[in-house]
Structure formats: structure tokens, C-alpha cells
S.K.: 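What follows is a structure written as C-alpha cells; I'll ask about it next.
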Amino acid sequence: MTATTFSANGRKSSSGDPVTPPVLRSRRLRAARAGAIALPLTFLGLFFLWPVGTLLWRGLSEGSGDALASERTWAAFGTTITLALAGTVGSLVLGLGAAWALYRVRWRGQAYARALVTVPFVLPTVVVAVAFGALLRPSGLLGFLGLDQGIVPIVAALVFFNVSVVVRIVGGTWASLDPGTAIAARTLGASRWTAFRRITLPALGPGIAAAAAIVFLFCSTSFGIVLILGGTRTNTLETEIWLEVKQFLDLNTAATLALLQVVVVALTLAIAGWAQSRRERALKRTRMDGTRSATRADLRLVTLALAPSALLVGLPLVGLVERSLHTRSGWGFANYASLLTIPERSNLPVPVWRAAVNSLEAAAIATSVAFLFGLILAAAISRSRRARWLDAVAMLPLGVSAVIVGLGILLTLYRPLPGGFDFGDPRILVPAAQAVVALPLVVRSLVPTLRSISPELRSAAATLGANPRRVWWLVDWPILRRPTGVALGLAFAVSLGEFGATSFATRPDHPTLPTAIYRLLSRPGIESVGTAFAACVLLAFLTSAVMMVAERWHGKEAVSW
Amino acid sequence: MVTGLEVRDLSVRYPGTPPIVAVDGVDLAVDKGEILGLLGPSGSGKSSLLAAIVGIVPLASGSVLWDGEDVTQTPVHERGFGLVFQDGQLFPHRTVAGNIAFGLEMQGLDRGDREERVGDALALVGLEGYGPRRIDELSGGERQRVALARSLAPRPRLMLLDEPLSSLDRDLRDRLAIELRDILVSTGSTAIVVTHDHDEAGMICSRIVQMSHGRLALG
């Protein structure tokens with residue numbers, strides 16, 4: 001092997017070929033990157049910033065002082081806070097024990113249990129609401145409890161979703177906690193309970209605070225659950241906005257309420273951000289493996305700690321399937337058969353299967369758009385510290401409730417735009433709204449992996465002769481493949497189940513599966529309710545199937561050469 | 001005309017208040033076939049100088065020439081300078097052979113030639129038969145050998161080695177230092193080896209220069 005024979009591929013040659021000067025080339029690269037970032041920013045501008053901005057501006061300029069003075073508004077405000085607090089406390093109570101059982105001690109089969117706990121989080125809100133309704137209605141499995149009225153079903157459904165959030169966040173903190181301090185407290189005469197209360201619990205504090213803030217955010221923006229389980233009695237800001245628009249056709253009041261809701265969310269987000277940074281600082285201090293194998297006594301505690309969550313998650317789903325098989329003439333599949341025909345005596349103008357196809361189409365488009373734009377944004381965010389503002393822009397939709405996104409779109413885009421553009425078609429606006437909702441999730445699942453690729457690894461590829469395009473294709477992309485599966489699955493599942501934004505962005509003749517279910521429920525009658533149950537099972541099945549496929553997508557481990 | 005590498009009045013500054021001057025007006029020439037040791041305490045700017053020569057940090061001033069031709073504006077991937085990183089920076093998603101073949105793929109070599117050159121490179125660093133292994137199955141010493149083979153395989157006109165042995169333990173370092181010198185000499189490489197260890201530099205290099213506070217001092 002002799003050195004100094006490296007062929008400088010295509011550099012300036014003596015024959016005087018016209019060769020692009022390298023400076024220009026890197027300028028062109030920068031221009032290409034800027035051009036690529038312009039795509040997602042234009043998308044967010046058109047389908048998110050402009051609609052939401054218009055809505056909030058309307059709230060400020062034409063908002064009615066009457067709305068702010070009305071008792072109805074403040075009752076809805078109070079209910080929003082009450083429900084969110086109750087959902088947060090419930091999630092913490094069930095989640096703390098489960099976090100310990102799933103993260104602090106180790107036992108056989110734990111990986112499966114952890115995977116199961118994440119299932120509720122991706123289930124569509126409509127499905128969960130209907131399932132709790134089915135469970136607690138007078139004829140349901142737990143109908144004898146007489147809990148179908150009031151806020152109990154709503155809080156239970158909120159806890160259903162958010163237990164997994166608490167488990168993830170607090171579990172991560174707990175697993176890396178040094179067990180030595182609690183043991184030291186025991187040797188100083190503290191009982192097991194005192195050691196937990198005085199030593200372990202304060203150490204978990206930052207994790208618990210971070211989890212509580214995020215759960216509070218999710219609960220206070222929950223729409224489908226309150227709309228379906230709350231009926232006409234329980235109204236939050238979100239459902240009040242819906243009522244103003246859909247029943248009273250009072251857009252100005254709706255815009256005022258939206259403004260109020262944005263203030264609530266912004267406050268919660270500020271607290272969540274502060275709690276999260278405290279948690280990260282605490283994690284940095286105590287990065288160690290504090291887990292241990294479960295003893296026999298521990299296993300009893302594990303069972304006790306997990307049982308409430310298992311019941312809360314399992315019972316409604318069992319109840320839903322049971323109800324879907326319950327027909328007027330005994331047990332059978334008649335409800336499922338009715339998915340194929342236009343339901344009688346209901347205001348759903350198409351068969352449910354047609355709505356399912358609409359949903360799949362919209363979710364496929366929304367996922368493609370959210371993934372492509374999310375990838376571009378994530379790449380830009382992870383490459384430079386100066387791109388922090390991009391991160392903030394990409395995360396904005398997470399902090400604005402889906403109802404507000406949907407209402408904004410309804411207000412601004414269902415009419416011809418200057419320049420001859422007209423997006424006023426649910427086939428465009430529904431996927432667009434869903435992509436807006438899914439985009440932050442895609443960015444969030446890709447950025448950590450992209451950040452973990454050291455810049456030196458890219459430099460190594462460059463010194464071996466790879467141009468920027470090939471560095472991306474041969475270094476970044478293969479490493480990204482695994483989170484790509486999760487990001488795609490998450491985007492698709494969220495789009496399939498999306499209800500808040502979709503219910504505003506679509507039209508009655510173009511329902512998606514969740515909006516079709518809501519329509520079926522709004523005109524009670526045993527047939528249409530049975531059909532709704534069957535449709536919920538179908539939607540739950542589609543969503544979990546998508547997540548299962550996504551989890552299995554590992555990509556090839558090593559690229560052959 | 002100077003043959004080999006010539007560095008003229010090269011400076012590297014990192015942003016900050018005030019800006020940090022990592023390399024301060026360095027002039028340096030390395031003849032073809034010469035193995036230059038760049039010695040200095042940590043923070044003296046030697047790694048920055050290396051990164052500037054290879055083109056992965058921007059220059060505040062000065063120029064880099066090869067055989068009299070100014071390559072300052074040539075992008076990293078067209079410079080033909082190989083760099084062995086302190087911690088290897090092997091591609092985790094590729095096998096040992098896939099790592100070594102990377103630079104050859106960039107040159108557009110066909111599969112047969114690639115396999116032959118990968119085999120040669122593995123033999124050169126004493127890792128025959130390691131081709132199909134995964135990166136995470138390798139020991140620290142094996143990783144650095146693969147990193148060396150990966151940089152040598154495309155036959156760069158200049159090899160830059162940034163503390164190539166510092167992540168290894170003492171024993172292994174001494175053995176590998178001698179091996180490294182033999183490999184660089186047998187391939188006729190022109191090389192700059194950055195190290196903070198005087199003995200190591202003496203074992204590997206034909207000439208040594210000292211660096212401190214971003215400037216060169218003859219050593």
C-alpha cells in the first residue's frame with residue numbers, strides 16, 4: 001500500500017474546466033438548507049399561525065365583554081381547573097405506585113408491563129370516552145355504582161390517559177435515584193415509611209412536579225372526553241367554545257373563550273417548562289442505576305401498586321367490547337354488520353366504513369406531511385444552537401389546544417384566499433389540521449437521536465470524502481431509522497384519533513371515524529349507539545395495530561457494504 | 001515550491017467574550033514522508049490546528065497549502081486529508097468492514113476492489129478476519145486500529161492523528177505506538193500526530209514541534 005495517490009475527485013484541474021469555486025458551493029448548500037426550512041415554516045404559517053393568530057386577534061378586537069362578564073364563562077373556567085386538578089391528582093396517586101413497580105424494582109415480564117402501560121396514551125379520546133360511558137351507564141358492567149352522572153367518569157377517563165405520563169417521567173427519576181440515602185436514614189432510626197416520606201419523596205419532587213405540570217396541561221385541553229361524557233351539564237372552556245360555534249353560532253364569544261384558554265395553557269406551559277428544567281438538573285446530579293431485583297415481599301407490593309391502574313385501563317376496554325357485541329336480539333355481530341350501511345334514524349349521511357376510509361386517507365397524508373416537515377425541522381434544530389427559535393415554533397402547536405387550531409382553520413381557510421388559492425375542502429384541511437397536531441410529536445421523537453449523533457462522526461465521514469448530502473444519507477439517516485418508526489406510528493395514531501381540530505375542520509358529509517362516532521352518539525337510539533360501540537372497537541384496533549407495527553420497526557441493524 | 005503541507009499564518013478563534021484564540025498565527029511545513037509530532041499540554045491549541053488543517057473548523061486567518069496549491073477553500077470531503085479521531089468516531093451502524101470501506105465507497109471503487117483494499121487495511125493493523133464484526137463488540141485498542149485502518153484505506157495524501165492512543169491504557173499505548181510508527185512508515189504516509197506524551201511522540205515521529213498558547217515553539 002503506497003500513500004500519496006489519493007485522487008482528488010473533481011477538483012480544479014489544469015485543463016481549465018469550469019469548476020464551481022468551493023465557496024459558492026457552500027453558499028449554495030446554505031441556500032438549500034434555508035430553502036428546505038422554508039417549507040415547514042410556510043406550512044405552519046398557513047395552517048397554524050395565521051388561523052390561530054386570526055382567531056386570537058378576533059378575540060382581542062371584537063371579543064365581547066359580555067362573555068368575560070358572563071357566569072357561564074367563569075363556570076366553564078372553574079370546571080376546567082377543577083377537572084384538570086382532579087385528573088392530575090388521580091394520575092399522580094395511581095402513577096406513583098406504578099412508577100415504583102415498573103422502574104425502581106426489576107422483575108420478569110416487566111418490559112411487557114411497561115409496554116402495556118403506554119397503550120392508553122395513544123388510544124383516541126373518543127374511544128376512551130365512549131368506553132367509560134359504556135362501563136358506567138346504568139346497563140353497563142359497573143352501572144350498579146350509579147356513577148354515570150357528574151364528573152367521576154370524566155376524571156376517570158383523564159386518569160386513564162395520564163397515568164402513563166406520570167409513570168414515564170417519575171419512573172425515570174426514580175430509577176436513577178441513589179438508594180443509599182434512604183438506607184442511611186433507616187440506619188439513623190427512620191421507619192421504611194418515614195424514610196420514603198422524608199428522603200425519597202423530596203428527591204422525587206422535581207420529577208413529580210414536572211409530571212404534574214404536563215398532566216395538568218393535557219387535562220385542561222382535553223376536549224373529546226368532556227364533550228362526550230359531560231353531556232350538557234359539565235362544560236369546560238374547550239366544550240364551551242364548541243357550543244358557541246356549533247349551537248349558538250357566536251364566533252366572537254368563542255374567540256374570547258379561546259383567548260382565555262390560551263392564557264390558561266400559557267401559564268401551565270411556563271410552569272411545566274420550569275419544572276422540567278428543574279427535573280433535568282436533578283437528573284444530571286444523580287445519574288446512576290438505583291434499581292434492584294424485586295424480593296418476594298416486593299412482588300406483593302408490585303401487584304398491589306399495579307392493580308388499580310390495570311383495572312382502570314382494562315375494565316373500560318373490556319366493557320366497550322362487551323357493549324359492542326350487545327344487540328337488541330341478544331349477543332352477536334349485528335353492530336359490526338351495521339358499519340357497512342348508512343345508519344337509520346341518525347344524522348350520519350354515510351356508512352361508518354366510508355368514515356374509516358376518510359380517516360385512513362387523512363391520516364396517511366397527515367403522517368407524510370408531518371414526517372417530512374418534522375424531519376427537516378428536527379435536522380435544523382439539532383445542527384445548530386442558533387436554531388432554538390425553530391424548536392419553539394415547532395413546539396407551539398403542542399401548547400395550543402386542538403380545538404383552537406380547528407376553529408382557527410374554520411374561520412380563515414374555508415373561503416377563497418387572495419392569489420386564487422382555495423383550500424376550502426375537508427380533504428385538504430383535515431389532513432392539514434392533523435399534521436399540525438402531529439408535527440411537534442415527530443420533531444420531539446427525532447431530535448434526541450439527531451442530537452446524539454456527534455458532529456465529529458459527521459466530520460469523520462467528511463474526511464473520508466463524503467459530501468454533505470452523502471453524510472446525511474450514510475450517517476444520519478441509518479441512525480435515525482429506529483426513532484423514525486416510532487415517529488411515523490405516533491403521527492399516524494394521533495391523526496387517526498384526532499377529534500378536537502378535525503371536528504371543526506371537516507364537514508358533515510365528510511366525517512372521519514372519530515367525528516362519525518360523535519354523530520352517532522348525539523342522536524341516541526339503541527341501534528346507533530351499538531354502531532358507535534362497534535366503530536370505537538374498530539378505531540381502537542386500527543390505532544393499536546399501527547403502534548404495534550411501529551414498535552416492531554427496528555430497521556436493519558447494520559448496513560452491508 | 002514546497003512539497004507536502006504548508007500552513008501559513010493560520011489562526012483559529014472561537015466565539016466568546018472575549019473571543020478565544022485557540023491557534024495564533026502558526027506557520028508550519030511538513031515534507032512528504034515526514035511524520036511530525038505536535039506536542040503540547042491540553043488546551044494549547046494542537047487539536048484546533050489539526051481540525052483547521054483538515055477543514056472542520058473555520059479559519060480566522062491564514063491558509064493551508066498542499067504542494068503549493070491553496071486548499072483553504074476546498075471542502076473537507078475533497079481535501080484528501082485523513083483524520084483519526086481521539087475516540088475513533090466509528091460509525092455505529094456499520095460493521096468493521098463497512099467502516100473501513102466507507103472512504104473507498106466515496107471514491108467510487110467497485111465492490112471487488114473495495115473488498116481487497118479492506119482486507120489489506122485489516123491486515124495492516126493486525127485485525128484479519130474482523131470485517132463482519134459489529135463495532136460494539138470491539139475492545140478500545142481494536143477500535144483505534146479500525147479507526148486507523150479506516151483513515152488509511154482511501155490512501156489520503158496527508159494523515160492527521162488526534163491523540164490516537166490517549167484513550168487506551170499505558171501498556172497498550174506503548175505497544176501500539178511502535179506499531180503505529182511501523183504502519184505509517186511502511187505506507188510512506190505523510191502525517192501529523194498530536195499528543196501530549198513526549199515518549200509517545202519520540203516513538204512515533206521523525207520530528208517534533210512544541211505548541212503552547214496557540215503558538216509553535218521549536219522542540
Side-chain angles (χ1 to χ4, degrees), chain A residues 1-14 19-30 384-386 449 452-482 484 554-561, chain B residues 32-33 51 54-56 69 71 73-83 85-95 97-108 111 114-115 117-118 120-121 124 134-135 147 150-160 184 186-190:
Chain A
M1 213 198 252
T2 51
T4 67
T5 54
F6 186 93
S7 62
N9 23 355
R11 267 173 321 113
K12 191 164 72 181
S13 60
S14 50
V19 177
T20 323
V23 180
L24 269 188
R25 221 176 339 233
S26 76
R27 235 180 249 158
R28 196 181 294 165
L29 178 71
R30 238 172 287 152
S384 142
R385 237 167 252 156
R386 273 175 304 176
T449 306
S452 76
I453 303 173
S454 92
E456 291 187 331
L457 200 63
R458 298 188 184 109
S459 295
T463 63
L464 292 165
N467 63 31
R469 196 168 40 82
R470 296 178 96 177
V471 171
W472 163 261
W473 187 244
L474 294 168
V475 177
D476 292 73
W477 175 243
I479 296 174
L480 261 186
R481 256 188 255 180
R482 201 178 141 61
T484 288
H554 290 243
K556 268 195 290 179
E557 286 287 312
V559 181
S560 63
W561 47 282
Chain B
K32 278 188 184 157
V54 79
I56 54 182
E69 185 199 338
V71 297
Q73 299 296 336
T74 308
V76 190
H77 63 278
E78 291 174 7
R79 256 183 224 201
F81 295 173
L83 175 62
F85 290 81
Q86 189 172 345
D87 48 0
Q89 293 296 337
L90 299 177
F91 304 125
H93 56 288
R94 288 179 159 235
T95 59
N99 266 276
I100 298 173
F102 189 92
L104 307 172
E105 289 169 29
M106 295 305 114
Q107 293 181 350
R111 177 182 277 263
R114 272 194 335 242
E115 282 177 23
R117 295 263 291 268
V118 169
D120 288 350
L124 192 65
R134 291 163 48 102
I135 297 307
R150 183 178 72 176
S151 295
L152 282 170
R155 296 177 191 161
R157 38 193 197 177
L158 174 68
M159 277 288 283
L160 302 161
L184 290 174
S186 74
T187 53
S189 298
T190 310

S.K.: At a 4.5 Å cut-off on heavy atoms, which part of L90(B) comes close to chain A: side chain, backbone, both, or neither?
M.R.: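 Just its backbone gets close to chain A.
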S.K.: Would you please name every residue forming a ring-ring contact (aromatic ring centres under 6.0 Å, His included) with F102(B), sequence neighbours left out?
M.R.: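 Partners of F102(B) by the ring-ring contact (aromatic ring centres under 6.0 Å, His included) criterion, ordered by chain and then number, come out as F91(B).
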S.K.: Is it the side chain or the backbone of I56(B) that comes within 4.5 Å of chain A heavy atoms, both, or neither?
M.R.: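 Side chain only.
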S.K.: In Å and rounded to the nearest 0.5 Å, what is the OG to CG distance from S189(B) to L158(B)?
M.R.: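 Rounded to the nearest 0.5 Å, the OG-CG separation comes out at 9.0 Å.
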S.K.: Kindly state each residue pair satisfying salt bridge (Lys or Arg N to Asp or Glu O under 4.0 Å) with at least one member in residues 452-462 of chain A, sequence neighbours excluded.
M.R.: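 Listed once each, the pairs are R458(A)-D476(A).
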S.K.: Looking only at heavy atoms and a cut-off of under 4.5 Å, which of L83(B), I135(B), L160(B) has the most pairs with chain A?
M.R.: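 Sorted descending by pairs with chain A, the first entry is L83(B).
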S.K.: What part of L474(A) lies closer than 4.5 angstrom to a heavy atom of chain B: side chain, backbone, both or neither?
M.R.: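 Both parts, backbone and side chain.
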S.K.: Any ion pair linking E105(B) and R94(B) (charged N to carboxylate O, less than 4.0 Å)?
M.R.: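 Yes, this pair counts.
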